[in-house]
Each structure stands twice: as structure tokens, then as C-alpha cells.
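Step one of this worksheet: look at the structure below.
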Amino acid sequence: MPRTSLAYGNEEVAAVLEEIADLSDLKGENPFRAVTFRAAARAIRDLREPLRVLMEQKRLDEIPKVGPAIAEAIEQLLTTGTSTRHQQLTKEVPAGLLTLLSVPGVGPATARVIYDNLKITTIDDLEEAAKAGRLRSLPKIQAKTEENILRSIASLRQRTGRSLLIDARAAANEIVAYLREKRDPKLISVTGSVRRWRETIGDVDVLVAAAAAGPIMKAFCEAPSVERVLARGETKSSILVARGLQIDLRVVPPASWGAALMYFTGSKEHNVRLRGLALKRKLLLNEYGLFRVGEEKTGNPIASRTEEEVFAALGMDWIPPELREDRGEVDAALAHGLPRLVALSDIRGDLHAHTSWTDGRDTVAAMAERARAKGYEYLALTDHSVGLGMTHGLNAERIRERTKEIAAVNEKMEPFRILVGTEVEIRSSGKLDYDDKTLASFEVVTASVHSAFSQEREVMTKRIVGAMGHARVNAISHPTGRLLERRDPYEVDLEAVIAAAVRTKTRLEVNGGPERLDLSDVAVRRAIDAGVMLVCNSDAHAVEELDQMEYAVATARRGWATKARVQNTMPLTELLRHLEGKG
DNA sequence: GCCGTTTTCGGCCCGACTGTTTTCAGTCG
């Protein structure tokens, strides 16, 4: 009997399928086979159920791009922890070729040439060979390619994964401001994953519409923040700025603005969907417009000037950028059934923020004033509980003092309202850090895990679900504990947490801290489908961090959340009723 | 390998830039 391999979840299976795709490319198999494996891997990452459940219910074939062959690989991975196809390929494709693929600019063909001739299998050896000038003797490789490989290795070493959205936005806004000042183009926009508000960013894309591209390109490639120009063409250039972040600029004619904006905003998969859809109608969609097939050379598109126009010509509603990931939005837009997503302007207050009473920087009054200036009706100050010593967590006496201060500030700020809150630690034992009587003295209680991250999955799940059962716990903050690019989520059965949220009417937080964005967009979607009520919070530790709310709302939007499903879109009176007895 | 107003086999999105090339393959997004 095959032993069940518990180590294999959706993510692990998707990773193996992607490796099969790479190996298949390296072996020189039909490239469309690799395309399909990658598409299946992505579909699995987007799944809102565990593969194991689908397998048990014989429903693996319901997953897009999963046919008999890939379903078999999945079953093998889930039951034995290995797949015969993967094993076969690793036997046939020399170890190390995969490593070479990770160097930007080196694809399957180049990797093959390098390996076949020099038997190189590590980045270190590749660097050494390039430095020694041994690559330039290979077919199709000359000095220029050798230099590029060296530079790619250097930036590979400099980089640590993807950029946080907040850092990428800062870089994007800086270059846009610079181009506006230098050339003042009529139409300029950040596109790509930054416009979609993805949680981490590979590179930044900027689009400009201008009759003449030359002057814009020149200004871009000579920007003060440029560390290296990667490519410089007539309509497209790429630069490298600080910390190895790449910025691409594309210039199109003004008449193509809408089509280009769509083309450079959608994820690859979303764009493939749209172009395939166009083809079925004998139409061609590219960055210049939507054309009748054969007429794309005439320069007479059916639609191109605005996104709305192009979507309409495809028979669809306009799709918010946050949804353009090919996760069902195309069909929903065709059926005119897209949800009306929650918007930042719907938010009436923030229910998770810290003050100088614990580890925040600013005072009760300063935080409240800033929240009121943002147009909020309320702000919950949820300082840490006593057990979190390093944050100077509040004991009973300091709770009373802080409550008094809040009452005084509230009196001055009416009708704006500060809510007396706490972010109570869920101890490793599962016990809350305050007794019931103390908890009852707060108007808002959000509970979270800040310790013993490495507990077993069952223990951690019981710990969190147990806290949700407490009558005074309104919400769970940053439910998975992840720190983007730094710390994985702790092991927790998110399905069980989601089910408990529905059962106990506990809200799950979408945390706007740029390094958290926890719940993730995919987890939000699962929670929304299950019927969970969310709360979008900034987790601010200083007045300006109240602006992090926009990241929480963007993440909720990416998970298809509507206004009705976000608790802090409620007016104060309704919210207070909702908080009491969990609504 | 998958899929179907192109329906069980033949096609699979599209274009820009680079480098090594005299017309194109490789890579990327």
C-alpha cells in the first residue's frame, strides 16, 4: 500500500509540475507540453480546495488544464510523494541545467549549449567560465552574451526575491514623477502587477502614450536613478535601479492608449484568455488595438482608445485591474456579473492600530486626529496585551489609564469616536492573555499569534479556532502570520479557521501592513466563497501608517470582496451593534 | 499535454529587443 504523503499540499504539487515543465523544455520536448504543465500548476495555486479532497472525490479533472496525464502525476505526488514522469525527466536531463535556467537571459537553448560543451551545472562555475572568457567560444555565444550573463549573475546575487508592493510603488511613482517633470507626456500610467496591486512585484511597468517616443526614451534611460540600462529600443526600454529593481517603459501612439493599458496591465494568463476570446470572434487583440483578423496592418482598429471601449467591443464589462488574473473575471465580465468590489472610499474606520502606550510611535490624540482627517468615523486603538513584554503590553493599571485618556480625547473629538480596543495575544497554550473580565472591558478585541510559530499544524489550528470561540473575540488579526519574502505562514488549517469564522461569527482580518497582506488575496477569495465577514485594517504603528488601509482594501478587492462583506464599511452605530455579542 | 462555435486531431497569444545574424532564433513579459 502506498503511504500517504502528508508533505504534499497544493503548493508542493504545483512546484513539481513547474519543474516538470522546465525539464521538458530542457529536454526539447514539444514546448506546448511545458506550457500546459505550467498552466496546470497555476490553476492548482488558485484552487480554493485542497487537491487531496479533489483527488478523493475523483474530481481532479475539473481543474483547468488537468487531463489524464497531469491528474496521474498529481495522484502519484499526493500518495507517494514522487511522480514517475518527474523521476524519468530528472534521469534524462542532467542535474544542473535547471540551475542555469535561473540566470536571466539564459533559456533552455543557451543552457543546453553551455552544458553540452563545458559541463557546467552551477552558477559559480558559470560565473568562473564567463570571467575566464570560455563561453564566447561556444556556438551562438560571443563576448556580448558572456558579459550579459556575468551581469545577470551579479544582479541575481544582489537581489533577494521579489519586491514588496509598497517599495515597487515608490519606485514607480518616482519615475513617473520624473518623466512628467522632464517631458510632460499627456498620458502616463503605471501598469503591470503594480496596477493590479499584487502583493509582491517582479518588475515595474510604465506606459506612456506619445506621438514621438524618442525624447521620452532618452529621458527614461538617463534618469538619475538608473544603475544600468538593460535594453533600449524605439518603443521599449528597460532599466535597473536601486536594489536590482527593473523598470520597463513602453511608448505607444495615443490612439492605442486603451489597448496598450489593457495589454500591459493584465497578467499573462488574463491576456492569453482575452486574445483567445478575440480570436474565436475572428478578431486580433494586441497592444495597438482590437482588429478584424487581416486588418491589423491597416491601422484601423475596431477599438483601441480606452479600456472601456476595447472591453465593450469584446462584449464584456470593464474589469477592475485587481481582478485581471484569469481567476474567473473574464467569464463574469462576459456575463455582466462582476461583483461591485469594496472600495477605499467605503471604509468608515480602522479597527487595528497601535499607540505609544505600547509599540506605536504616536499618541492617542495624534492617531485619532489623523484618522478623522482621513474621513473616518471611528478608530479602534488596539494596543498589545500584557504578555507581549517587548511591546510594553498593557497591564490592568495601564489599561485603566489609557481608557481614561481615550475618554478625554473622545470628548473633544465628538462625533468622531475612538474605540477602546486590544490586540490580545493567543498564548501558545491557546489561552488568551487577558481574563474574561478584562476582555469584557474592551469595545473591540482582535486576537492574534505572535509566538510559538513552529507549533504542529493541529495544535496551531486548535489554538486559533479556540480563540475564535471566545464570546469577546471579534476578529483574528493577520491570521497566517506570514511576512512576505521573510517568513512563511505558520502551519495552520485555513479551511478550519474559515469554517470557524462562519460558525462563530468571528471576522478575519485583511492586514494592510505591506510586509503582511495577511490574509492573502487567494485566502480572501476562499473566505469570501465560504461566507466569512472580513475586516480591513491598517495595523498602523504611526499616523502615516493609517494609509496602509489602501493595501488591505486592494487585497480584499483582489479576493473579490464586496462592501457588504467588510465589517468596517458600517457606520458607527451599526458597527457597535455588530461588535456586541459578535453581531 | 490539453481542448473543442477550429469538436477527437490540429492547433495552441503576440510582439519587442538582443545578439549573432545577412533573415532569424532565443528570451522575455
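Everything quoted here is computed from the prediction, not taken from an experiment. Chain A is the first sequence line, chain B the second, and so forth, proteins listed ahead of strands; every chain is numbered from 1.
When the side-chain nitrogen and oxygen atoms of A:Thr235 are compared with OP1 and OP2 of B:dC17, one or more of them lie within a distance under 4.0 Å. Using a 4.0 Å cut-off, some side-chain N or O of A:Gln142 falls inside it from OP1 or OP2 of B:dT21. For the pair A:Asn286 and B:dG15, the criterion of a side-chain N or O lying under 4.0 Å from OP1 or OP2 is met. Contact between the side-chain N/O atoms of A:Thr145 and the OP1/OP2 oxygens of B:dT18 is not found at any separation under 4.0 Å. For the pair A:Asn148 and B:dT18, the criterion of a side-chain N or O lying under 4.0 Å from OP1 or OP2 is not met.
Between A:Arg33 and A:Glu29, at least one side-chain N (NZ, or NE/NH1/NH2) sits under 4.0 Å from a carboxylate O, which counts as a salt bridge. Residues A:Arg327 and A:Asp46 are paired through a salt bridge, judged by an N-O separation under 4.0 Å between the basic side chain and the carboxylate. A:Glu18 and A:Arg42 are not joined by a salt bridge, as no carboxylate oxygen comes within less than 4.0 angstrom of a charged side-chain nitrogen.
Partners of A:Glu174 under the salt bridge (charged side-chain N to carboxylate O under 4.0 Å, His left out) rule, at least two apart in sequence or in another chain, do not exist in this structure. Residues passing the side chain to side chain donor-acceptor pair (under 3.5 Å) test with A:Arg136, sequence neighbours excluded: A:Glu146.
When heavy atoms are screened at a 4.0 angstrom cut-off, A:Arg232 is found touching the sugar-phosphate backbone but no base atom. Among the heavy atoms of the strands lying under 4.0 Å from A:Ile141 are primed sugar atoms or P, OP1, OP2 only; no base atom is included.
In this model, a side-chain donor or acceptor of A:Tyr263 finds a partner on the base of B:dG29 within 3.5 Å.
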Exercise answer: donor-acceptor pairs, residues 86-95 of chain A side-chain atoms, under 3.5 Å, sequence neighbours excluded:
residue: A:His86; atom: NE2; partner: A:Glu19; partner atom: OE2; Å: 3.0
residue: A:Gln87; atom: NE2; partner: A:Thr82; partner atom: OG1; Å: 3.3
residue: A:Gln88; atom: NE2; partner: A:Glu92; partner atom: OE2; Å: 3.0
residue: A:Thr90; atom: OG1; partner: A:His86; partner atom: O; Å: 2.8
residue: A:Thr90; atom: OG1; partner: A:Gln87; partner atom: O; Å: 2.8
residue: A:Glu92; atom: OE1; partner: A:Lys27; partner atom: NZ; Å: 2.9

Extract all donor-acceptor atom pairs below 3.5 Å that involve side chains of residues 106-116 of chain A and protein atoms in other chains or at least two apart in sequence.
residue: A:Arg112; atom: NH1; partner: A:Asp116; partner atom: OD1; Å: 3.4
residue: A:Arg112; atom: NH2; partner: A:Leu26; partner atom: O; Å: 3.3

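Rounded to a whole angstrom, the distance from the C1' atom of B:dG10 to that of B:dA16 is 28 Å. Nucleotides B:dT18 and B:dG11 have their P atoms positioned 33 Å apart, rounded to a whole Å. To the nearest whole angstrom, the two P atoms, one in B:dT6 and one in B:dC14, are 14 Å apart. B:dT8 and B:dC3: their P atoms are spaced 16 Å apart (whole Å).
As the counterpart of B:dG1, B:dC12 is assigned, both hydrogen-bonding distances of the Watson-Crick or G-U wobble pattern falling under 3.5 Å.
Shown for residues 30-44 of chain A: residues whose heavy atoms fall under 4.0 angstrom of DNA chain B, namely A:Asn30, A:Phe32, A:Arg33, A:Thr36, A:Phe37.
Expressed to the nearest 0.5 Å, how far CG of A:Leu534 lies from OG1 of A:Thr562 amounts to 9.0 Å.
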For nucleotides 23-26 of chain B, which of its nitrogen or oxygen atoms have a protein nitrogen or oxygen under 3.5 Å away, and what is each distance?
none

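Exactly one of A:Arg482, A:Arg516, A:Arg162 qualifies for a salt bridge (charged side-chain N to carboxylate O under 4.0 Å, His left out) with A:Glu199. That residue is A:Arg482.
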